[in-house]
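One structure is given below, encoded as structure tokens.
By convention in this document, chain letters (A, B, ...) are assigned in the order of the sequence lines, proteins followed by strands, and residues within each chain are numbered from 1.
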Amino acid sequence: MESERIIFHIDANSAFLSWEAAYRLNQGEKIDLRTIPSVVGGDPKTRHGIVLAKSIPAKAYKIKTGESLFAAAQKCPNLTIVPPSYDLYLKCSNAMVDILKRYSPSVQRFSIDECFLDYTGKTLCKKSPFNKACEIKDAIKKELGFTVNIGISNNKLLAKVASDFKKPDMVHTLFPEELKKKMWPLPVEDLFMVGRATKPKLNRMGIFTIGDLANFDLDILKFKFKKPGLLIWEYANGMENSKVSPDSSVGMKGIGNSTTISFDVEDRKTAHLILFSLVETVGMRLRASNNLCSLVSVSIKSNKFSSSSKQRKLYFSTDSTNAIGEISCQLFDELWNGDPIRHIGVSVSSLSSNQRNQLSFFYPGDIEKDERLNRAVDDIREKYGKNSLVRSSFLHSGLKPLNGGSGSDSYPVMSSFL
DNA sequence: TCTGGGGTCCTAGGACCC
DNA sequence: TCTGGGGTCCTAGGACCC
């Protein structure tokens, strides 16, 4: 039966900040960032100045993830700000997953700091899952130096909600029989998939708690919110039954890369160079995943923060950096209205396996030559480092030839669906 | 005043075909 | 001559997640 499943949701507390703190203590630093008002944040000079993670003391100042460092510093003048180290975070995340896999082979990495673990059928005793979760939490703290919350229930949704209860370093349960008491009194925006656009709409309908939503007329919700209306109503009632599926790149839908540029781009040439720097890493990741794409999309955000995008379905599939780059530049030229540009992105989708037995008649250019070129570039970068080989057009341009695709290829896949 | 980056899914409108 | 639907594909934009 369904109610027999036992699912854990493991959530690293203030992940980036905890990882930074644990690393710095290990390096001999005296102050633990977790004990003072502190945030991990980007550099405002390059227009990356937002809060990526906050300590619990910083949270007391109402500092929120995603807000500007400027706003955060206004709320808390003696705030300590440290820059992010993404490679470190990836290592911490991987180390956490390794520990979890000791307890069950069925571990799903949901984001860089969250995992689901299926503990079904591993115990006969009712009390045991709670004790086991405590054991996991303590093992992570002892071996890696940071704390996690673990939520336990019969499905992923409720386990995730449970892990968000009191923090840090805690284990909570949220079984269906506890739903009314533990989940229904919470504000409706605490529910997974109720975001900042939906909250005010629900509030205007008189829905303020998860319980209000759970007991609301489903037909009205479906009429007003379509499919998501049904989804959030089911979630409010604790209904969710997706499997814990170990990660793989099989289900991957697209690969994208975008950047906020430290200055406003006002000419086409510079924009094209930046596009190529983004496509370079997209192409490498695409080939590394053994996929071809047949949809290319370019997006831009102006210095006034208005965004627009243009995409094109191809009549062939490709993993060629040059092909994707040229199409991106075309799309950009058709899209751009001349406004100064703050942010540029490229993504590819409509992926298919790169088994080259059905090459399209429409594939432009010299296929074999281009394939050999891409393979050679990937090999050289694999051997001598990513920046060992760059496009000559970037020399003296003052721009980074490769943009994004940070660190390792095993960057976790995130999803907005459980 | 300043506002990141990487994803997935859904909707709505128009083109095109039967 | 004027009228109708349904299905599928493509595109742009917006919702949500971390």
Which part of the nucleic acid does [X] contact within heavy-atom distance under 4.0 Å: base, sugar-phosphate only, or nothing?
X        : value
A:Thr198 : sugar-phosphate
A:Ala197 : sugar-phosphate
A:Glu67  : nothing
A:Gly254 : sugar-phosphate
A:Ser308 : sugar-phosphate
A:Ile255 : sugar-phosphate

When you measure from the side-chain N and O atoms of [X] to the phosphate of [N], is any distance below 4.0 Å, counting only OP1 and OP2?
X        : N      : answer
A:Thr65  : C:dC18 : no
A:Ser258 : B:dG6  : yes
A:Asn257 : B:dG6  : yes
A:Arg342 : B:dT3  : yes
A:Lys160 : C:dC18 : yes

Report the distance from atom CG of A:Leu90 to atom P of B:dG5, rounded to the nearest whole Å.
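Taking CG of A:Leu90 and P of B:dG5, I get 18 Å after rounding.
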Complementary nucleotide of C:dC18, counting Watson-Crick and G-U pairs under 3.5 Å:
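B:dG5 - that is the nucleotide pairing with C:dC18, both distances being under 3.5 Å.
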P-based separation of B:dT3 from C:dC18 [nearest Å]
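C:dC18 and B:dT3 have their P atoms separated by 23 Å.
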